[in-house]
Amino acid sequence: DQIPRYIDIRQSKDSVTLSWSSGRHQVCVWHFPFRLEILCEDKVMVTFNSKGKLWLETLRDPPGLLWKETFRQFVDIKANGPSSIGSDLCLHGFSHVYGLPEHADGLQLRDTRDGEPYRLYNLDVFAYDLYSRLGLYGSVPLLVAHKPDRTLGVFWLNSSETFVNSTFNMAGVRRSFGRRRVEPQTDVHWLSESGVIDCVVLLGPSPQQLFTQYAQLTGYQALPPLFALGYHQCRWNYDDEADVKAVDAGFDRHGIPYDVIWLDIEHTDGKRYFTWDAALFPEPAGLQRHLEEKKRKLVVISDPHIKVDPDWSLYCEARDGRHFVKNRQGQIYQGSCWPGESSYLDFSSSDTRAWYSRCFGLDKYKGSTPSLFVWNDMNEPSVFDGPEQTMPKDAVHYGGWEHRELHNLYGFYQHMATVEGLITRSGGLERPFVLSRSFFAGSQRLGAIWTGDNVASWEYLRISIPMLLSLSVAGIAFCGADVGGFVQDPEPELLVRWYQAGALQPFFRGHSAKETKRREPWLFGEEVTAVIRTVIQQRYCLLPYWYTVFHQAHTSGLPPLRPLWVEFPREQSTFTVDNQYMIGGALLACPVTEAGVQEVRVLIPESGEVNQPPGNIYTFQCLHDTRRCGCGIKVSVSGLV
């Protein structure tokens, strides 16, 4: 709904009521006990502070004794004392809620009475636990509730550590003639370590309208350059220029299309970002021109930690420009990461972001060309010797703000500065491509993210689908999971199935750790190569469609990957489905995520079209070439036709 032009205000002894849309929508504020109700056509949809859990601790000057907490060997000094905030909301009539990424869990949020709350706290988690509510690399504090006749959202704008409890109940509602009817409700309790209470309720009522409302609030998905929707080949690490050229030639030799090849941290001079190892990459600009002749791109990594090296000009420039985060004593904060002892850029400062953006200029980043793009990793931020492998909460940012206040924004700000650097580099003429591991609400307007350090197992392949759907529901539309798993070596069947799944996801990249075996698509025998070739070729056949649905995301906020209930909002059988999904409004995808499977069951919603009665088994052609791989997957159509 648009912002109302006319608001009617009515006041009684106990409350104040604001109404708009000719009285269709109302907000009623009750004095004591304080609560706020949002109504549509006189029916309460949302109650704020329904259980009286509104909580606010004000900042204060510490007395002689400092407030502090101890976590293992780490001591957290709270300069302004405890500063937590929280509140509860009741969502009337709803029993299905989604969102709150990033967690390695199902699409539908669970009742948290049986365990831990959902935690939103960006962390570097290697080979993360599955079906866990612990925080991962990014956070979006958006919860989306859906029922057949309405979709609504609750956006809790807070970048400090946040916990969310969700409970599902049945409540009696009084109807006419004294009769009561039982309807579901979801109670949500938000609790953040610090900040202010800034809560927005999005009224929908349709899924499409809700996505547009959220995009109007936090930004629309950036329209990616076309090459970014193709296939990306990555490894930690390709050895040298000759290795990169050999892999590039291998794709041509085997007739497999791809658009981008990536370099991890080993391409640098001693893990100093914006540099090249002179022995391994003596002619980086020439390498990029070699790729550009085939319209291919190179992506390099750029992490937020800077090696402490007084003989390195970039470190000295950042130090002298006061671009580093400080500790609570006012000295430059230092922690351990890939280069060893490192300092961390303070991206919360607009001056630091502007300086960092200038580092991507062709005159400053020696060896770079316009066909070089960027990967922001380790930007939760990751600190190997820090509490929970991240920055201490009492580190100090520009303006005197403690790190606890803006922790979940750190990677977002690096992503922003990198994107601005590439836009400036092209004079504003070319759209950038930047992948970030850490993210927050609004990261969609900057570029792509991925699900981090996954493992080569069937379980991680399965969980990638609900993880990406949760991200999509929360506005992060350009997302993907590394094909094959970053950690460990996949068996050939798993690798093939992961390519088939990855080709049906927005960001499509093969990646592997340096401890694993090489994983180029032609290294597993001709049969596997043929299947992967067909999968990638069909991804390229669908590029016009992918580009179209991304333009839709860019202009309307509707994500390319959609849970079934987004397209079929009244079909309650779709509300819990998270192993299949829609790509745009025209393609239904159900990747195979089990070993040795000969049959999969696909739900066809009532408004879908099937020529034969449901319940029978039909053989559909897979996205790969069944004549070559012979999988003969059968699809059992269940449903509502």
Answer with yes or no whether the side chains of Ser194 and Ser160 bring together a donor and an acceptor at under 3.5 Å.
no

Is the closest side-chain heavy-atom distance between Pro381 and Asn379 below 4.5 Å?
no

Flag the pair Phe508 / His232 as yes when their ring centroid distance falls below 6.0 Å, and as no otherwise.
no

Counting only heavy atoms not in Tyr398 (residues, nucleotides, ligands), do more than 12 fall under 6.0 Å from its OH?
no

Is the Tyr118-Phe163 ring centre distance short of 6.0 angstrom?
no

By the definition side chain to side chain contact (heavy atoms under 4.5 Å, CB included), identify the one residue from Glu161, Glu69, Glu388 that meets it with Lys393.
Glu161

Quick test of your reading of the model: are Lys517 and Asp489 salt-bridged, counting only N-O distances below 4.0 Å?
no

At what distance, to the nearest 0.5 angstrom, does OG of Ser443 lie from CZ of Phe412?
5.5 Å

Using a strict threshold of under 4.0 Å (side-chain N to carboxylate O), is an ion pair present between Glu317 and Arg319?
no

Using distance alone, with no hydrogens and no angle criterion, decide if Arg119 and Ser139 have a side-chain donor and acceptor under 3.5 Å apart.
no

Got more than 12 heavy atoms from elsewhere within 6.0 Å of CZ, Arg322?
no

4.5 Å side-chain heavy-atom contact, Leu345 and Trp355
yes

Ring centres under 6.0 Å, that's the criterion: do Tyr356 and Phe347 meet it?
yes

Between Asn158 and Trp190, is any pair of side-chain heavy atoms under 4.5 Å apart?
no

Which label fits Tyr333 and Tyr344: parallel for a plane angle under 30°, tilted from 30 to 60°, or perpendicular past 60°?
tilted

Roughly how far, to the nearest 0.5 Å, is the OG1 atom of Thr516 from the CD atom of Gln488?
10.0 Å

Test log, rule side-chain hydrogen bond (donor to acceptor under 3.5 Å, both in side chains), inputs Gln444 and Thr218
CA-CA 9 Å; Gln444 67 271 10; Thr218 64; 2.9 Å; yes

No-hydrogen, no-angle side-chain donor-acceptor test under 3.5 Å, Thr352 and His323
yes

Sub-6.0 Å ring centroid separation between His511 and Phe486
yes

OG-CD distance between Ser371 and Glu430, expressed to the nearest 0.5 angstrom
9.5 Å

Check whether the side chains of Trp55 and Ser87 place a donor and an acceptor atom closer than 3.5 Å, and report yes or no.
no

Pairwise side-chain contact, Met467 with Asp105, heavy-atom cut-off 4.5 Å (strictly under)
no

Under the side-chain hydrogen bond (donor to acceptor under 3.5 Å, both in side chains) criterion, do Trp276 and His267 qualify, and how do the steps go?
CA-CA 6 Å; Trp276 306 84; His267 82 278; over 6 Å; no

dist Asn165:CG -> Thr112:OG1 (nearest 0.5 Å) comes out at 3.5 Å

List the steps, then state whether side-chain hydrogen bond (donor to acceptor under 3.5 Å, both in side chains) holds for Gln233 with Tyr238.
CA-CA 10 Å; Gln233 182 67 34; Tyr238 287 120; 3.1 Å; yes

So with a 6.0 Å cut-off around CD of Glu116, is the heavy-atom count from everything else above 12?
no

Residues Asp394 and Lys78 bridged, charged N to O under 4.0 Å
no

Quick one: do Asp240 and Lys245 make a salt bridge, cutoff under 4.0 Å?
no

Let me confirm one number: the CG-OG distance from Asn376 to Ser436, rounded to the nearest 0.5 Å.
5.5 Å

Hey, could you give me the CZ/CZ distance between Phe373 and Phe360, rounded to the nearest 0.5 Å?
12.0 Å

So, Ser302 versus Trp375: side-chain donor-acceptor pair below 3.5 Å or not?
no

If the threshold is 4.0 Å, N to carboxylate O, is there a salt bridge linking Glu266 and Lys271?
yes

Val487 and Phe126: which non-hydrogen atoms are nearest, and at how many Å?
CG2-CZ, 3.4 Å

Per the side chain to side chain contact (heavy atoms under 4.5 Å, CB included) rule, which among Tyr273, Trp338, Trp312 passes with Lys307?
Trp312

If you measure from the Lys or Arg side-chain nitrogens to the Asp or Glu carboxylate oxygens, is any gap between Asp259 and Lys295 under 4.0 Å?
no

SB check Glu193 Arg404 (cutoff 4.0 Å):
yes

Can you check whether Tyr258 reaches Asp248 side chain to side chain, under 4.5 Å on heavy atoms?
yes

Counting C-beta onward and ignoring hydrogens, is there a side-chain heavy-atom pair between Arg296 and Ile261 closer than 4.5 Å?
no

What I want to find out is whether Arg437 reaches Asp124 closely enough, with some N-O distance under 4.0 Å, to be called a salt bridge.
yes

Is the NZ or CZ atom of Arg509 both under 6.0 Å from the centre of the six-membered ring of Trp450 and within 45° of that ring's axis?
yes

